[in-house]
4 protein chains.
Amino acid sequence: MSGLGIGLIGTGYMGKCHALAWNSVASVFGDVARPRLVTLAEVNADLASKKAAELGFAQSTGNWQDLLSEPEIDVISVTTPNAFHPEMAIAALEAGKHVWCEKPMAPALQDAIRMRDAAKKSGRAAVMGYNYIQNPMIRHIRRLIDEGAIGSVNHVRVEMDEDFMADPETPFYWKSEITSGYGALDDFAVHPLSLLFKLFGHVESVVTDMVKPYPTRPLKDGGDREVENHDIASVLMKLEGGISAVLMANRSAWGRKGRIAVQIFGSQGSILYDQERMNEFQLYQASGRPEEQGFRTILAAPHHKPYDRFIPAPGHGLGFNDLKIIECRELIAAIGGQKAHVIDFEEGLKIERSVHAMARAFAEKRWVSVA
Amino acid sequence: MSGLGIGLIGTGYMGKCHALAWNSVASVFGDVARPRLVTLAEVNADLASKKAAELGFAQSTGNWQDLLSEPEIDVISVTTPNAFHPEMAIAALEAGKHVWCEKPMAPALQDAIRMRDAAKKSGRAAVMGYNYIQNPMIRHIRRLIDEGAIGSVNHVRVEMDEDFMADPETPFYWKSEITSGYGALDDFAVHPLSLLFKLFGHVESVVTDMVKPYPTRPLKDGGDREVENHDIASVLMKLEGGISAVLMANRSAWGRKGRIAVQIFGSQGSILYDQERMNEFQLYQASGRPEEQGFRTILAAPHHKPYDRFIPAPGHGLGFNDLKIIECRELIAAIGGQKAHVIDFEEGLKIERSVHAMARAFAEKRWVSVA
Amino acid sequence: MSGLGIGLIGTGYMGKCHALAWNSVASVFGDVARPRLVTLAEVNADLASKKAAELGFAQSTGNWQDLLSEPEIDVISVTTPNAFHPEMAIAALEAGKHVWCEKPMAPALQDAIRMRDAAKKSGRAAVMGYNYIQNPMIRHIRRLIDEGAIGSVNHVRVEMDEDFMADPETPFYWKSEITSGYGALDDFAVHPLSLLFKLFGHVESVVTDMVKPYPTRPLKDGGDREVENHDIASVLMKLEGGISAVLMANRSAWGRKGRIAVQIFGSQGSILYDQERMNEFQLYQASGRPEEQGFRTILAAPHHKPYDRFIPAPGHGLGFNDLKIIECRELIAAIGGQKAHVIDFEEGLKIERSVHAMARAFAEKRWVSVA
Amino acid sequence: MSGLGIGLIGTGYMGKCHALAWNSVASVFGDVARPRLVTLAEVNADLASKKAAELGFAQSTGNWQDLLSEPEIDVISVTTPNAFHPEMAIAALEAGKHVWCEKPMAPALQDAIRMRDAAKKSGRAAVMGYNYIQNPMIRHIRRLIDEGAIGSVNHVRVEMDEDFMADPETPFYWKSEITSGYGALDDFAVHPLSLLFKLFGHVESVVTDMVKPYPTRPLKDGGDREVENHDIASVLMKLEGGISAVLMANRSAWGRKGRIAVQIFGSQGSILYDQERMNEFQLYQASGRPEEQGFRTILAAPHHKPYDRFIPAPGHGLGFNDLKIIECRELIAAIGGQKAHVIDFEEGLKIERSVHAMARAFAEKRWVSVA
């Protein structure tokens, strides 16, 4: 049986990550045909050729549209800057390709809607790159919640913090332009939202505060430029089923490197998780003798599927790139028509609607319902 | 030189804590005259007599008003349930006594205002029992902020969580009555607010969400009763000077026992603190070689005044009760007319105004300015 | 009922700690008569007088022997440098006083034996100041072990590390003289030994390595002086009942401030403890569903007696000085002829014998049995 | 340029890990020719064929010796049980292949010597699978030590603990047979030794204690069988340059899953590391203002080479399998005649000599020099 034929557009952070995943998924899981790395597209032919050699693609092109007509290609990974997602993803779907698109869908909600519509019409798998939901720890947390291990959930807090915008001396660049998005909200908050969606369901209403820690940033050639979006966002939310949630995102949080901290409170216990220590989570259950109750630190282990496909021993640790391999396996399931643990364009659109509602709540200084 | 004469009303959790502080403050600090434990008041003469023997008071009474006319008494500790604070504190001040009153001031804002007015008129020291601000770690954090160790602060998050209301099977009791207050907000959030006030200044505007995790609670004799206030509160806030803050309080947070977690983000670093590990804090400074930057866990030590008055060796740890001894020493300074690190009735009132504004913001589902 | 009459010799680190404990024990526990702080002895009358005022003693003296003939005194706290312990403790016992003596007993084993003999002959309570065993966490750990919560214990590791000798530039002082003891071994290792004794029983045989991280130290007036003892000691041990143990002590361990880390491994679970976070311990039990097994962090709470005598709420934290108050309460029990959780001179002598055996094992480069 | 041709013997835990590494090394590093996965050998042709398909090898065989004569193969990965290492590794070297052999070399020292001799004679790269030394955190720690960041190192402690032998009900299997080795010592302690060798140099003398926590184990078919080796080992050591070290290994340590805890004490600071949280380490430097000194938790980041080849963002985390990819890259360097950060057969032999000396020290109850 021949494996899926792969096309890849973009070889930055996420492009390489997709390539690694396509390259390893068969060896790790041992239950899918080895994908064929067909064509890699980059902004010019030279770079494309160089990267194809590095990443193991058979062909390369400086024109991404070449992938659309390549019959060997079944799936296209779209890993370009956000503004390009709509055009590429829609073209790929219309060409009959399955699509694996990095998050978020698009800066403009209308474009995200068009993407969702194209996916629906195509009948192809259209999956977003929300890899944190693939962490075996997160998947086990979901199982615990479903089993009632902490009773009925009533309150959730999620924080996503990094510090790549923390230095006020970092010169102005495109991330501070409003055309790139609202700032922390869509650059960042979409990841915690993906977790909330998978664990609890959709967002119903929100009120938001946003902050510019540095109103201006220096220009490289001297002078300053006004920052156009917000590096810090804080949101009070009501989720499906009446759960109250607080979402906090800060991309200028000195010292935080990849923090996605989740606190889940239920009627019989609590769960804590932090992506910076992605191979563990903490569980408190209000059972047994009170004098020995406490948060239990649970290390990733083969029990927590599909950790076992990577390593047969507990406590040895997966890495960030491994999450993409799991996502890749789920995408293959989706392509095969099986039930898959992914965020497809339909659900991705709901995340984007939430983000836009948050921004509106800030602009209008009021609670806003997510349509 | 004869020490201050002390009267104590109430011998519950905080009453005992005050008694221990009055009893130890001279030995610990070695720079104040030993207070004389004059009279202890309780709800009846028998209990008062028993507790006076235990706690080392010379006299006892079942009538707290006896303390007002006792010439040997200079200061009265008010540690009764919140509803009694206004009457007792005002009477004590009018009798020319200094007052040390447990937080919060009063359930009703009007009563808190009357207390503040009585204090102003009396010219006596009138100090609230906000002991967390006395932690040498918190005091050192303030010093670091003042020195600019983390640059200009732009964002703060504070969480206060315990689990004494977490069990849905806990029978209805007075803490769930609206007459006792809004719930987590005034029962709890006042502590984090005391920290915010001492570290950053006052609250300017707020928007609030509150939740009842359990709409009803069982009655001891069967049946259920509707819960009248909210065990969970989340607040977005603007502080003086434009700092954005998020305040979260949850008294039904399974597994949290005495958590007051503070995250402070500045332009050159960050500070983390958690009362459950009250003898340490974490400092990140964006200086030095990037590859060795990280959060530093700093253990309490004699450098962090007045830890040195308790223990000459670092890392050995103060306890919760020790904070009250420090507060007591500051109160003595205030009585002596010296600059003291306390929350007096004036500042206490500002905290209560903030709480009432938060409750109004919830009721009216909108941003509210703190008058 | 009149309380015990107290004499105190020494007002350094431990002297003040004893004074605070005598002063607070009645208020905290509420079940013992309030001790009377009778006479304080220091090296001269002026210092004694000053300290007596600070610490609340009625009388003072520059001659410690005055305490022996003072009929009001029932108990004498001995908190002077180790070399003075034998003379003072024996004199006090011979004068019919109970004795509370700081650890260790004496630099020379023969003196420790004389102290034990004097205690036996006197029939008085003779208790060593090993306060770490009083931590409610340690007492609960012992209860768990006794209950079989982690099955049969087979292996233990204990580390005691501080950094007060870590700086090679610290000038030579008496702690580096051989007359002060072996170094880390008796200055330090006696504390972890006290824990091992209370948790598991006596030491049977040992082999030791010791290290001088800095062979010389600068003299204050120029030049260097050879260091005569060892700041680092590591010991392999067999305990009663066949448990294997490793004891490590390092008083030049940069960054460690008051670390006493204990790891206990049993056939059905493990327990971890670290004095630097003295209000928590960790318990792993190999029961329940494997995918949720993990170390549970258990915070100090009223369940863990006698924490409840200090604070009625969980997670609020005791301090180092509070341990001495508990030790004081146990001493009072011992004086009253009740079963007490203390290390008396008999057991203290066994600890000292273990230390001397360790030193011999190092000198002779071989395994040595503890007589 | 054509990449190296690879042969793989064995597809268990480590076999799959090698296969994943060979498959990903070119994509991750982008600076080596893509290896060609030529032939996979397993115990029979069916299994070999199945695994070759899964892991991406072009050919398969049930006879490992087929690899020796395959001209396409340049390197052979030996990942079979330890007893097979000598025969296979020596045959491969004699056939002119480079060898990548899992640790340890061989149960018997004589075999390890033969392997070293064969490597020397062959002139081929002969590298052991000690992947923990490849962790960018460990490599950065070494750099810090070399730079003098913590001054002169004087004391080290290393613990390696897992719990796969912790359950006394686990039936007897080959790991408890003496033919499989001494137990914790060679099954385990070789990993911490590899770290010590890379960080500090060789072991000079040792004294050892070993324990059987469970003298017998149940047989599957009823009855018991005596355990022949020791699940717990503790060793005092002198390293090159006079550093004292303690090595502890416990494969029946409930709750420990992949712990390799390293504590390094120097004259100007300390470093802590734990493999269970492999993406961080802690650094204490005795510099700057004392009141802010503390252990800094440093998260893995692109600064820590070659983390950057995997992920361009800090704090996102490598996994255990990624260490093998780094090891693979180093092996390719060694094959190319470049300086490589590996443990070759020469250094591997020194590790094994240390282990055998430790076992002798235990058997003879005395300090033993490592020849």
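Taking CD of D:E291 as the start and CG of B:L299 as the end, the distance is 14.0 Å to the nearest 0.5 Å.
The shortest non-hydrogen separation linking D:G294 to B:R296 is O-CG, 3.2 Å.
Comment: B:R143 does not engage D:E292 in a salt bridge, judged by the lack of any side-chain N to carboxylate O separation of less than 4.0 angstrom.
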